[in-house]
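Notes follow the structure.
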Amino acid sequence: MITRMSSLFLRTLREDPADAEVPSHKLLVRAGYVRRVAPGGYSWLPLGLRVLRNVEQIVREEMDAIGAQEIQFPALLPKEPYEATNRWTEYGPNLFRLKDRKNADFLLAPTHEEMFTLMVKGEYSSYKDYPVTLYQIQNKFRDEARPRAGILRGREFLMKDSYSFDLTDEGLSESYRAHRDAYIKIFDRLGLDYVIVAATSGAMGGSASEEFLAVAETGEDTFVRSSESGFAANVEAVVTPAPPAQSVEDKPAAVVHDTPDTPTIASLVDVVNKLDLGRTFTAADTLKNVLVKTRLPGAKDWEFLGIGLPGDREVDEKRLEAALEPAEVVLLTETDFRNNPHLVKGYIGPKALLANGVKYLVDPRVVTGTAWVTGADQDGKHVVDLVCGRDFTPDGTIDVAEVRAGDPSPDGKGVLEAARGIEIGHIFQLGRKYADAFKLDALGADSKPVRITMGSYGVGVSRLVAVLAEQNFDERGLVWPRNVAPYDVHLVVAGKDETLLAGGEKLAAELHEQGLNVVLDDRKASPGVKFADAELVGVPTILVVGRGLANGVVEIKDRRTGDREEIPVETAVEHLVKVVRG
RNA sequence: CGGGGUGUAGCGCAGCUUGGUAGCGCACCCGCUUUGGGAGCGGGGGGCCGCAGGUUCAAAUCCUGUCACCCCGACCA
């Protein structure tokens, strides 16, 4: 098709909008792709909608390719199904709730697990019907506490969500694998720089779960990756490699020393080094014991837990919560210490914990044969050379110490470096949570019911547009990957001469005949304005019909590289078709 | 929810300290000139100065209240 700029519903802005911070937000607004209408709510203008539809189509094609079938639910849903799964309350304030004129409760769907489950339950009842995978591409609503970064994190957004229904765990694994492969194809087709990391499944419930993170400085998620291998992981999922165990026999005996006024690790290291023990100690030689208490859901009492880790590391709260999930966890209060005099704050050692029945877990680096400077369970005293496996035996390990850049990669190759990412896809094996809630069974070959097991898989379609912008821009504007660009060719008529416009029109018509989508800048604006707009809008190929036309040549510019070449008008169409079709 | 900031034309901003006819740039409209890198000159249209109350002869400006929005963090996926 041919779109004329003279009539295209588009107004570009010369200045960045004041409320925009990240590149995608600034550029999508400036280039006239989206306009804000509410916090976290954006309208799509013609150019933006074309890109959104292109992304959507790629997602759709890859879903169809694995046999998933598209359906569509309302966004406006009754409360009841969400009460059955408890999500009416569990989802909390993030759920948009509203009432109809009869005062009945409704919600704007944040995701559609309930509806898909009910849909399948309503239609299918035999094992012969399974497996089946359904999906939809539809707007979702979440009342985010703080929408931000334009369409990167809105309250209404376009999402592809699919759900697999299988009779067996093996079937679920296969469905999961199929989605994983499909997502790889989608994100590869989009030309994205992304990683796949193991994830915790969060509020959705379920087990196996991976996130696809697009690499971007402006991302909200921190992850780590190896400097040498392809390893990447959420910080919560990093497994610290344990060093080999050492012999305990050759270690010096544990000796208690007076270490007054050493409430911090730094002060302890200072004092110990002044004891003149013939060695120099660092924070990494100390064993810090952190006391927390945990409580399982539904349980009444808190249970104490001691965590021993090298003194140069802090406990990472997110890793702690992930490690203890589903139990909740908090630090001990002053009252707890007062009620438990055997816990000497600042001087807690493994011995008192173990002697008083407090569960004691240590960092994986604390292996048999390692010697530590740690609390002696008396005010003002620490013990040096307390050896793991000789002087104390922990109840197990817990991997909750902070992960730092420079730590060895869990796969043994290279060291970890920190990076930021934006979640663009999330796949996980839900299991039977929703099938249980709605009693979704298939009648088996033996006439006995089989509980269905589900997988759930999401792609943030509108977010992908922002992510693509985030990864494809320069100081002049957007630079779309070819297969999502709003047009194949941006034809600039550079000059007001009637013959130039006629030449441009003719070329546009010929390109159109070849099946290319062309945006033709037929406006009366000066060439400078048109060039600047073309670069801001970001169509990958710019065709300039200008002063060269008198000599029978036009200019083709590559938006990304800036390369330009003059070619004869007669071969321009053929040339462009090759460029566009690759 | 904690911290910081901002509300003045479609967009970006000044004016507020020290009260007195609401201004600049971009965009938009008209005319002439200009046309390969965001043109020039001239003319023009567009405002409940977030909202409410108060002080005052007079409020964008001072006072009180309120609402909204943005950014950082917490939370969330």
Side-chain angles (χ1 to χ4, degrees), chain A residues 10-22 25-26 29-32 35-41 87 90-95 110-111 113 140-150 152-155 157 159 161 197 199-206 209-214 218-221 223 234 236 317-318 321 421-428 456-460 462-463 467 475-477 492-501 521 523-537 542-550 553-555 557 562 564 566:
Chain A
L10 169 71
R11 189 106 304 153
T12 58
L13 306 177
R14 203 179 290 206
E15 288 162 301
D16 286 333
D19 58 0
E21 206 66 21
V22 302
H25 188 190
K26 290 178 181 171
V29 172
R30 271 190 61 204
R35 288 289 181 261
R36 177 187 172 283
V37 298
R87 291 213 298 171
E90 259 178 23
Y91 226 97
N94 270 16
L95 194 62
T111 60
E113 280 83 355
K140 308 283 172 171
F141 299 82
R142 290 180 201 171
D143 191 0
E144 296 281 351
R146 189 157 90 79
R148 68 186 90 174
L152 220 35
R153 183 177 199 75
R155 294 196 293 176
F157 53 95
M159 176 170 165
D161 53 331
V197 300
T200 50
S201 43
M204 306 293 173
S209 167
E210 286 167 296
E211 284 176 3
F212 292 71
L213 297 180
T218 49
E220 300 178 273
D221 301 289
F223 67 98
N234 257 334
E236 288 93 313
E317 250 179 80
K318 286 192 166 176
E321 281 165 21
I422 301 165
E423 183 182 349
I424 49 176
H426 193 171
I427 53 176
F428 53 99
S456 155
Y457 321 89
V459 170
S462 51
R463 173 179 278 187
V467 167
E475 64 288 345
R476 292 167 182 268
V492 172
V493 176
K496 74 160 191 178
D497 191 334
E498 281 298 322
T499 60
L500 292 182
L501 183 56
D521 196 342
R523 296 176 300 175
K524 296 193 192 328
S526 71
V529 170
K530 293 186 180 184
F531 290 140
D533 273 347
E535 280 152 355
L536 178 59
V537 163
I542 300 170
L543 169 61
V544 183
V545 176
R547 60 190 173 198
L549 189 65
V553 295
V554 293
E555 185 178 297
K557 289 205 283 193
R564 44 172 84 183
E566 294 209 320

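So that the names make sense, note that chain A is the first sequence line, chain B the second, and so on, each numbered from 1. Just so it is clear, the structure is predicted and the values come from calculations on it, not from any experiment.
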Between [X] ([atom1]) and [N] ([atom2]), how many Å, whole number?
{"X": "A:L10", "N": "B:C28", "atom1": "CG", "atom2": "P", "result": "12 Å"}
{"X": "A:L13", "N": "B:G10", "atom1": "CG", "atom2": "P", "result": "14 Å"}
{"X": "A:L152", "N": "B:A77", "atom1": "CG", "atom2": "C1'", "result": "12 Å"}
{"X": "A:I542", "N": "B:G37", "atom1": "CD1", "atom2": "P", "result": "15 Å"}
{"X": "A:K496", "N": "B:G37", "atom1": "NZ", "atom2": "P", "result": "16 Å"}
{"X": "A:D143", "N": "B:A77", "atom1": "CG", "atom2": "C1'", "result": "15 Å"}
{"X": "A:H426", "N": "B:A77", "atom1": "NE2", "atom2": "P", "result": "9 Å"}
{"X": "A:E144", "N": "B:C70", "atom1": "CD", "atom2": "P", "result": "13 Å"}

Counting only side-chain nitrogens and oxygens, does [X] get under 4.0 Å of the OP1 or OP2 atom of [N]?
{"X": "A:R14", "N": "B:A27", "answer": "yes"}
{"X": "A:S526", "N": "B:A39", "answer": "yes"}
{"X": "A:R36", "N": "B:C70", "answer": "yes"}

Q. In terms of the nearest nucleotide of RNA chain B, which residue is placed more toward the 5' end: A:R11 or A:K524?
A.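 Result of the comparison: A:R11.
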
(Q) Quick check on RNA chain B: between A:R155 and A:E566, whose nearest nucleotide comes earlier from the 5' end? (A)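 The residue mapped nearer the 5' terminus is A:E566.
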
Which one is paired to [N], where only Watson-Crick or G-U wobble pairs with both distances under 3.5 angstrom count?
{"N": "B:U6", "answer": "B:A68"}
{"N": "B:U61", "answer": "none"}
{"N": "B:G47", "answer": "none"}
{"N": "B:U56", "answer": "none"}
{"N": "B:G42", "answer": "B:C30"}
{"N": "B:A77", "answer": "none"}
{"N": "B:U21", "answer": "none"}

Is there, by distance only and without an angle test, a donor paired with an acceptor across the side chain of [X] and the base of [N] below 3.5 Å?
{"X": "A:R564", "N": "B:G37", "answer": "yes"}
{"X": "A:E535", "N": "B:G37", "answer": "yes"}
{"X": "A:D533", "N": "B:G38", "answer": "yes"}

[X] has a side chain; which of [options] sits nearest to it?
{"X": "A:E423", "options": "B:U35, B:C28, B:A77", "result": "B:A77"}
{"X": "A:R148", "options": "B:C72, B:C69, B:G37", "result": "B:C72"}
{"X": "A:P527", "options": "B:C11, B:C69, B:G36", "result": "B:G36"}
{"X": "A:E15", "options": "B:G12, B:G36, B:A77", "result": "B:G12"}

Regarding [X], tell me which of base, sugar-phosphate or nothing describes its non-hydrogen contacts under 4.0 Å with the strands shown.
{"X": "A:G546", "answer": "base"}
{"X": "A:A18", "answer": "sugar-phosphate"}
{"X": "A:R523", "answer": "nothing"}
{"X": "A:R30", "answer": "base"}
{"X": "A:V544", "answer": "base"}
{"X": "A:R476", "answer": "base"}

State, yes or no, whether a side-chain contact exists between [X] and [Y] at a heavy-atom distance under 4.5 Å.
{"X": "A:E535", "Y": "A:K557", "value": "yes"}
{"X": "A:E566", "Y": "A:E555", "value": "yes"}
{"X": "A:D19", "Y": "A:H25", "value": "yes"}
{"X": "A:L536", "Y": "A:R30", "value": "yes"}
{"X": "A:P110", "Y": "A:L95", "value": "yes"}

Considering only atom [atom1], compute the distance from [N] to [M] and round it to an integer number of Å.
{"N": "B:C32", "M": "B:C13", "atom1": "P", "answer": "36 Å"}
{"N": "B:A60", "M": "B:U56", "atom1": "C1'", "answer": "16 Å"}
{"N": "B:G45", "M": "B:C24", "atom1": "P", "answer": "13 Å"}
{"N": "B:A22", "M": "B:U6", "atom1": "P", "answer": "25 Å"}
{"N": "B:A77", "M": "B:G3", "atom1": "C1'", "answer": "25 Å"}
{"N": "B:G10", "M": "B:C28", "atom1": "P", "answer": "15 Å"}
{"N": "B:G15", "M": "B:U55", "atom1": "C1'", "answer": "22 Å"}
{"N": "B:G31", "M": "B:G20", "atom1": "C1'", "answer": "38 Å"}

Q | Sole residue of A:E144, A:R463, A:K140 in side-chain contact (heavy atoms from CB on, under 4.5 Å) with A:F157 | A |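 Exactly one candidate clears the test, A:K140.
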
Q.
Nearest 0.5 angstrom please: A:L501 CG to A:R523 CZ, how far?
A.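 A:L501 atom CG to A:R523 atom CZ measures 13.0 Å (nearest 0.5 Å).
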
Q. Does any N or O in the side chain of A:R35 come within less than 3.5 Å of the main-chain N or O of A:V29, such that one atom is a donor and the other an acceptor?
A.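 Indeed, once roles are kept as given, a pair shorter than 3.5 Å links the two residues.
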
Q: Compute whether any side-chain donor of one residue and acceptor of the other, for A:T12 and A:D533, lie under 3.5 angstrom apart.
A: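 Yes, a side-chain donor-acceptor pair sits under 3.5 Å.
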
